[in-house]
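Please read the structure below before turning to the comments.
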Amino acid sequence: MTEGYVYILFNRAFQNDQYKIGMTTKNPEERARELSAATGVPREFEVLYEQRVIDCKRAERLLHDRLRQYRSANNREFFQIPLKEAIKALERVAEEIGRVEGIAYDSDVAENKSLDAPSGEITVATVHPQRGPNAQKGVPDVVTFDDHASYTDAARRLILIDLRNRVFRLDGRLREAERCTPRQRIAYRIPGGRVFLEVKVQRAAIVLHLADGGCLDPNGIAVDIPESHGWRQLKKRITILNSADLDAAMPFVEAAYNLHL
């Protein structure tokens with residue numbers, strides 16, 4: 001098995017809904033830069049979505065097979081498919097093959113007492129810097145909410161800001177407890193408690209990892225996170241692509257928060 005990433009890339013020089021779907025053992029952003037530097041590529045590739053899995057070669061083969069009806073002519077890694085369908089297909093394959101994940105912060109991490117609490121409604125301009133203890137090569141050691149909001153696309157940026165505002169309305173103390181970490185992650189925990197929500201920011205999606213507060217799920221929007229993935233108290237995953245998804249996810253966020261009061 002080869003651990004790595006399966007990704008969805010977009011190039012604005014190509015047709016709408018045409019995406020390059022492939023795998024890499026490197027960071028997907030690095031792979032996108034390599035492809036962008038190739039001769040004959042007029043615009044840069046953007047990483048819209050990624051999943052780190054325990055066997056990226058097998059995951060790519062399986063995903064390509066399931067999306068074969070969408071494959072562009074004469075190019076096995078380009079697919080003409082609605083982005084939402086591509087993301088859902090990638091998520092299902094990652095779940096089947098096995099994801100590689102790790103939590104950014106847990107209850108043993110001390111609070112950063114030096115941060116000043118912002119006041120009023122939160123917007124993208126109000127940020128909390130956080131020094132990441134495990135910063136990797138090519139990843140800034142200090143990242144902010146503004147960095148993460150700038151990373152995602154315009155539609156998801158508004159959703160991310162809305163999510164943040166809704167989280168802060170649950171408890172004013174969460175303003176101080178917000179932790180922005182490398183690799184586009186934002187963690188929330190009640191001061192003195194444990195992380196109940198971690199947000200993974202991608203270009204075309206917002207992924208929530210949250211504690212299981214026992215919220216009913218008649219529409220099946222939440223996916224169980226296996227214990228083997230090492231997410232400790234975070235047991236559920238919800239992918240948000242639009243405002244309706246955020247509305248559906250908020251009861252789960254509130255239940256996770258109430259579980260840790």
### Task
State whether the side chain of His64 and the backbone N or O of Ile21 hold a donor-acceptor pair below 3.5 Å, judged by distance alone.
yes

### Query
Taking side chain as C-beta onward, heavy atoms only, is Leu9 less than 4.5 Å from Leu48?
no

### Query
Applying the 4.5 Å side-chain criterion to the ILVMFWY set and letting contacts propagate, would Met250 and Ile186 be lumped into a single cluster?
yes

#### Entry: Distance-only donor-acceptor check, side chains Asp147 and Ser150, under 3.5 Å
no

### Query
Are the side chain of Arg156 and the backbone N or O of Leu241 linked by a donor-acceptor pair below 3.5 Å?
yes

#### Entry: Carboxylate-amine/guanidinium proximity below 4.0 Å for Lys236 and Asp224
yes

### Message
I'd like to know if the side chain of Thr152 reaches the main chain of Gln202, judged simply by a donor and an acceptor atom lying under 3.5 Å from each other, with no hydrogens or angles considered.
### Response
yes

### Backbone N/O of Tyr5 and side chain of Lys26: donor-acceptor pair under 3.5 Å
no

### Task
May I ask you to decide whether Arg157 forms a salt bridge with Asp162, counting only side-chain N to carboxylate O separations under 4.0 Å?
no

### Query
Does the side chain of Ile238 reach to within under 4.5 Å of the side chain of Val223, using non-hydrogen atoms?
no

### Query
His209 side chain to Ile225 main-chain N or O, any donor-acceptor pair under 3.5 Å?
no

### Message
Closer than 4.0 angstrom, basic N to acidic O: yes or no for Glu34 and Arg31?
### Response
yes

### Task
Name the orientation class of the two ring planes belonging to Tyr188 and Phe168 (parallel below 30°, tilted from 30 to 60°, perpendicular beyond 60°).
perpendicular

### Query
If you take all heavy atoms of Ile159 and Ser243, which pair is closest and at what distance?
CD1-N, 3.8 Å

### Message
Could you check whether any side-chain heavy atom of Arg166 comes within less than 4.5 Å of a side-chain heavy atom of Leu246, counting everything from C-beta outward?
### Response
yes

### Query
Would Glu91 and Arg237 count as a salt bridge (Lys or Arg N to Asp or Glu O under 4.0 Å) if you check the C-alpha gap in whole Å, the side-chain angles of each, and the deciding distance to 0.1 Å?
CA-CA 11 Å; Glu91 285 209 326; Arg237 177 188 296 105; 5.5 Å; no

### Task
State, with a plain yes or no, whether a side-chain heavy atom of Val199 is found less than 4.5 Å away from one of Val207.
no

### Query
Looking only at heavy atoms, what is the nearest atom pair of Tyr49 and Thr239, with distance?
OH-OG1, 4.0 Å

### Query
Gln80 and Tyr19: side-chain donor and acceptor closer than 3.5 Å?
no

### Query
Less than 4.0 Å between a side-chain N and a carboxylate O, is that true for Arg164 and Glu178?
yes

### Query
So Phe14 and Phe78, would you call those rings parallel, tilted or perpendicular, with 30° and 60° as cut-offs?
perpendicular

### Message
Measuring from atom CG of Leu259 to atom CG of Asp212, what distance do you get when rounded to the nearest 0.5 angstrom?
### Response
8.0 Å

### Side-chain (Thr24) to main-chain (Pro28) donor-acceptor, under 3.5 angstrom
no

### Glu96 and Arg66 ion-paired at < 4.0 Å
yes

### Message
Between Arg61 and Asp65, does any NZ, NE, NH1 or NH2 come within less than 4.0 Å of an OD or OE carboxylate oxygen?
### Response
no

### Query
How far apart are the closest heavy atoms of Thr25 and Cys56, and which atoms are they?
CG2-SG, 4.2 Å

## Note on the structure
Closest non-hydrogen atoms of Ala205 and Ile87, given as atom of the first, atom of the second and distance, are CB-CD1, 4.4 Å

#### Entry: Heavy atoms of other groups near Arg58 CZ, more than 12 under 6.0 Å
no

### Message
Less than 4.5 Å apart, side chain to side chain, heavy atoms only: is that true for Asp217 and Phe252?
### Response
yes

### Query
Do the side chain of Ser36 and the main chain of Phe45 share a donor and acceptor less than 3.5 angstrom apart?
yes

#### Entry: Side chain Asn219, main chain Ile221, donor-acceptor under 3.5 Å
no

### Query
Between Thr144 and Cys180, what is the shortest heavy-atom contact and its length?
C-SG, 3.7 Å

### Task
Return yes when atom CD of Glu44 has more than 12 non-hydrogen atoms of other residues, nucleotides or ligands closer than 6.0 Å, and no otherwise.
no

### Query
So, the side chain of Asp17 versus the backbone of Pro82: is there a donor-acceptor pair under 3.5 Å, distance only?
no

### Message
Within the supplied structure, the quantity of interest is the number of heavy atoms (other residues, nucleotides, ligands) at a distance under 6.0 Å from Lys235 NZ; does it exceed 12?
### Response
yes

### Query
Does Val93 reach the side chain of Glu95, with side-chain heavy atoms less than 4.5 Å apart?
no

### Message
Would Arg189 and Phe196 count as a cation-pi pair here, with the cationic atom under 6.0 angstrom from the ring centre and within 45° of the axis?
### Response
no

### Pairwise distance OH(Tyr7) to CG(Leu90) - rounded to 0.5 angstrom
11.5 Å

### Query
Do Asp247 side-chain atoms and Ala244 backbone N/O form a donor-acceptor pair below 3.5 Å?
no

